[in-house]
**Q** 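What follows is a structure written as structure tokens; I'll ask about it next.
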Amino acid sequence: RNHVALLPETDPDLCKRVLLEAEFFGVEWLLRDVKHQTLRHEPYSAGERGRYSGWDPSASTDVLKDPARAAQKFDELFGGLRDALRTGVLPS
């Protein structure tokens, strides 16, 4: 299978529903990729919304190279998918 995350950029509500359904149905590869991609753009995406985490991505490039570790770091920083959706970190 070819796994590519293509979420609707112009419809944030649809994007949120897709992510919540992915969590419900256990589509871990999609959630991991979204968290990894979001963390790669942090603190910029989160900082614009006043949710700067204080994490310096340049100091932890090894975390960004591994999607699984990046997803764990995302959960540490933002409290998981639901908290990230609620606070506006996602969709970004």
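Remember, predicted model here, so these are calculated numbers, not experimental data. Along the sequence shown, residues are numbered consecutively beginning with 1.
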**Q** Roughly how far, to the nearest 0.5 Å, is the CG atom of Leu81 from the CG atom of Leu19?
**A**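 If we round to the nearest 0.5 Å, Leu19:CG and Leu81:CG are 5.5 Å apart.
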**Q** Quick one: do the Gln37 and Arg40 side chains pair a donor with an acceptor below 3.5 Å?
**A**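 Indeed, the side chains of Gln37 and Arg40 share at least one donor-acceptor pair under 3.5 Å.
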**Q** Apply salt bridge (Lys or Arg N to Asp or Glu O under 4.0 Å) to Glu28 and list each qualifying residue two or more places apart in sequence or on a separate chain.
**A**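 So Glu28 forms no salt bridge (Lys or Arg N to Asp or Glu O under 4.0 Å) with any residue.
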**Q** Looking only at atom types and distance, does a side-chain atom of His36 sit under 3.5 Å from a main-chain N or O of Leu64, one as donor and one as acceptor?
**A**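 Yes.
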**Q** What residues form a salt bridge (Lys or Arg N to Asp or Glu O under 4.0 Å) with Glu76, not counting sequence neighbours?
**A**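 Scan of Glu76 (salt bridge (Lys or Arg N to Asp or Glu O under 4.0 Å), adjacent residues dropped) gives Lys73.
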**Q** Taking only residues two or more places apart in sequence, or in another chain, which ones meet Glu23 in a side chain to side chain donor-acceptor pair (under 3.5 Å)?
**A**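 In terms of side chain to side chain donor-acceptor pair (under 3.5 Å), with neighbours along the sequence ignored, Glu23 is linked to Arg82.
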**Q** Can you measure from CG (Asp83) to CZ (Phe74) and round to the nearest 0.5 angstrom?
**A**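 Atom-to-atom, Asp83:CG and Phe74:CZ are 9.5 Å apart.
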**Q** Could you pull out all residues at least two apart from Asp75 that satisfy side chain to side chain donor-acceptor pair (under 3.5 Å)?
**A**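 With neighbours one apart ignored, the set is Lys35.
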**Q** Check side chain to side chain donor-acceptor pair (under 3.5 Å) between Arg17 and all other residues, then give those that pass, not counting sequence neighbours.
**A**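 With sequence neighbours excluded, Arg17 shows a side chain to side chain donor-acceptor pair (under 3.5 Å) to no residue whatsoever.
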**Q** To the nearest 0.5 Å, what is the distance between CG on Leu20 and SG on Cys15?
**A**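 Going from the CG atom of Leu20 to the SG atom of Cys15 covers 9.5 Å.
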**Q** For Phe24, enumerate each residue passing the side-chain contact (heavy atoms from CB on, under 4.5 Å) test, keeping only those at least two apart in sequence or located in another chain.
**A**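 Per chain and number, Phe24 pairs via side-chain contact (heavy atoms from CB on, under 4.5 Å) with no residue.
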**Q** How close do Arg32 and Pro67 get, heavy atom to heavy atom, and via which atoms?
**A**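 Minimum heavy-atom separation between Arg32 and Pro67: CG-O, 3.5 Å.
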**Q** Using side-chain heavy atoms (C-beta onward) and a distance below 4.5 Å, is Val27 in contact with Leu31?
**A**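 Answer no - side chains too far apart.
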**Q** Quick check: closest heavy atoms across Pro91 and Lys16, and the distance to 0.1 Å?
**A**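 Minimum heavy-atom contact is CD-CE, 3.6 Å.
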**Q** Could you state the interatomic distance from CZ (Arg69) to CG (Leu39), rounded to the nearest 0.5 Å?
**A**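 Here the rounded value is 11.5 Å.
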